[in-house]
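Quick notes on the structure that follows.
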Amino acid sequence: MNDNQLLRYSRHILLPQIGIQGQEALIRSHVLIIGAGGLGSPAAMYLAASGVGKLTICDNDEVDLTNLQRQIIHSTGRIGTTKTNSAKKTLAGINPEVNVITLNERMDEEKLLRVVANADVVVDASDNFSTRLAINQACIIRKKPLVSGAAVRFDGQVAVFDLSQGHSPCYQCLFPGTGENEDMRCAIMGVFAPLVGIIGCVQAAETLKILLNIGETLNGRLLRLDGLTMEWRSVKLNKDPACTACGTDEPVMI
């Protein structure tokens, strides 16, 4: 690292769990963030500020006035522009050293497998069930750690599915893709603005811990937050041997 980097990341370097070697590991890391909305905003901003060297941000939507109540990576002047380009501009202002790759497109199975393969960690900041299942399946096939978050109304949840480990449960172990899980989108249900910030920040923290191999991640646990009472609840997750996604010997995209 050069002198400017030593200064920029000095508060990380002071932590014995990180130090210079850990910070250099972050600089060499690549994180894929799917979704540049309420969850993806704080996750991307903290990962960029922390010095993750490469961020790939995938979102095919444009900035809308209704987004600005919670999607803090965007601004009023960027209404009508793509979320990925808006996010890239904000991240450049936070840390110009980070290489931000934008994918302003909807990912099909082939593209998803390709972008997941190139990442060290995948952050699922999407807002619909079908996308979460597809991301989960790609991470199983590519054996990549998945940091999953969701928030609606006053309820938030976050979990880690470290699919590089064979004993780890996957997202579909928790939410079987039977069609019984209906999307509860913010546009219909509403969402408390700070809630997505809290969950997105936890996703960023878990991502950094995975990249640094420090502490104990949420792998095998679901952390749930009631935003009205600020009560957290931790639920242990087990791998489902009957899971149609990760319970087979050779998982394939479905």
Side-chain angles (χ1 to χ4, degrees), residues 1 5 8-35 38-57 91 94-95 97-100 116 118-126 132 135-136 138-140 142-151 156-171 173-174 195-225 232-239:
M1 286 187 288
Q5 289 174 317
R8 179 183 287 272
Y9 306 122
S10 59
R11 300 309 189 267
H12 261 180
I13 293 169
L14 287 170
L15 298 172
Q17 296 89 343
I18 301 180
I20 290 178
Q21 288 186 340
Q23 190 60 52
E24 289 176 337
L26 292 181
I27 292 172
R28 295 191 299 268
S29 297
H30 177 197
V31 174
L32 169 64
I33 303 173
I34 301 178
L39 299 174
S41 291
M45 292 166 77
Y46 268 106
L47 292 174
S50 297
V52 173
K54 185 176 181 180
L55 294 175
T56 296
I57 302 177
L91 298 179
I94 293 172
N95 189 349
E97 296 182 350
V98 176
N99 179 18
V100 180
V116 166
N118 294 328
D120 297 308
V121 179
V122 178
V123 176
D124 181 358
S126 63
R132 293 183 189 126
I135 295 168
N136 176 71
C139 287
I140 292 171
R142 297 304 192 195
K143 295 181 170 59
K144 298 293 183 177
L146 171 61
V147 181
S148 176
Q157 65 183 38
V158 61
V160 170
F161 305 100
D162 192 347
L163 300 167
S164 64
Q165 303 179 22
H167 65 274
S168 172
C170 76
Y171 180 84
C173 291
L174 177 62
L195 179 68
V196 293
I198 295 169
I199 300 301
C201 285
V202 175
Q203 288 182 275
E206 291 299 300
T207 301
L208 293 173
K209 286 160 57 182
I210 293 169
L211 294 171
L212 293 164
N213 193 26
I214 61 173
E216 181 180 348
T217 72
L218 286 171
N219 189 39
R221 286 187 291 157
L222 174 68
L223 196 60
R224 305 190 69 174
L225 172 63
W232 291 90
R233 181 186 177 197
S234 180
V235 180
K236 185 176 180 180
L237 304 176
N238 294 312
K239 184 180 178 72

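If you're wondering where the values come from, they're calculated on a predicted model, not measured in any experiment.
- Inter-residue side-chain proximity for P169 and N238 is flagged as unmet; no heavy-atom pair is nearer than 4.5 Å.
- Here the side chains of Q157 and I199 are not in contact, with every heavy-atom distance at 4.5 Å or above.
- Identified under the salt bridge (charged side-chain N to carboxylate O under 4.0 Å, His left out) test for residues 203-225, with sequence neighbours left out: E206-K209.
- The closest side-chain heavy-atom distance from I33 to T56 is not below 4.5 Å.
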Legend entry - Verdict with reasoning, N219 to S168, per side-chain hydrogen bond (donor to acceptor under 3.5 Å, both in side chains): CA-CA 7 Å; N219 189 39; S168 172; 2.9 Å; yes
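- Side chains of I13 and I18 form no contact here, defined as non-hydrogen atoms less than 4.5 Å apart.
- Residues that satisfy the side chain to side chain donor-acceptor pair (under 3.5 Å) test with Y9, not counting sequence neighbours, are N95.
- In this structure, T217 has no side chain to side chain donor-acceptor pair (under 3.5 Å) partners at least two apart in sequence or on a different chain.
- Applying the side chain to side chain donor-acceptor pair (under 3.5 Å) test to E24 and every residue at least two apart in sequence or in another chain returns nothing.
- Summarising the geometry, atom CG belonging to L222 is positioned 5.5 Å from atom CG belonging to L237; distances are rounded to the nearest 0.5 Å.
- The two residues Q5 and M1 make their nearest non-hydrogen contact at OE1-CA, 3.1 Å.
- Surrounding NZ of K143 are at most 12 heavy atoms belonging to other residues, nucleotides or ligands under 6.0 Å away.
- Applying the side-chain contact (heavy atoms from CB on, under 4.5 Å) criterion to L91, with sequence neighbours excluded, gives A44, M45, A48, L55, I57, I73, I94, V100.
- Separation of atoms CG (L47) and CG (L211) is listed at 8.0 Å; rounding is to 0.5 Å.
- Applying the side-chain contact (heavy atoms from CB on, under 4.5 Å) rule to A205 yields no partners; only residues at least two apart in sequence or on another chain are considered.
- Every side chain to side chain donor-acceptor pair (under 3.5 Å) that D124 has, sequence neighbours left out, goes to S126.
- Not one N or O on the side chain of Q17 forms a donor-acceptor pair closer than 3.5 Å with the backbone of I214.
- Between W232 and V202, the closest side-chain pair of non-hydrogen atoms falls below 4.5 Å.
- Atom NZ of K144 sits about 11.0 Å away from atom CG of D162, to the nearest 0.5 Å.
- Here the closest heavy-atom approach between residue Y171 and residue N136 is recorded as N-OD1, 2.8 Å.
- In this structure, CD in Q203 is found 5.0 Å from CG in L39, a value given to the nearest 0.5 Å.
- A distance of 11.0 Å separates CZ in R132 from CG in L146, rounded to the nearest 0.5 Å.
- Closest of all the heavy-atom pairs between G200 and P42 is CA-CG, 3.8 Å.
- In this structure, I140 CD1 and S164 OG are separated by 12.5 Å, a value rounded to the nearest 0.5 Å.
- The shortest distance between side-chain heavy atoms of V147 and V122 does not fall below 4.5 Å.
- When atom types are taken as modelled, the side chain of Q23 and the backbone of S50 share a donor-acceptor pair closer than 3.5 angstrom.
- Counting heavy atoms from C-beta outward, Y46 and C201 have side chains that approach closer than 4.5 Å.
- Side-chain N or O atoms of H30 include none that pairs as donor or acceptor with a backbone N or O of G53 at under 3.5 Å.
- In terms of the side-chain contact (heavy atoms from CB on, under 4.5 Å) criterion, residue partners of N99 (sequence neighbours excluded) are, by chain and number, K54, I101.
- Two residues are said to be in side-chain contact when any heavy atoms from C-beta on lie closer than 4.5 Å; L32 and V116 meet this criterion.
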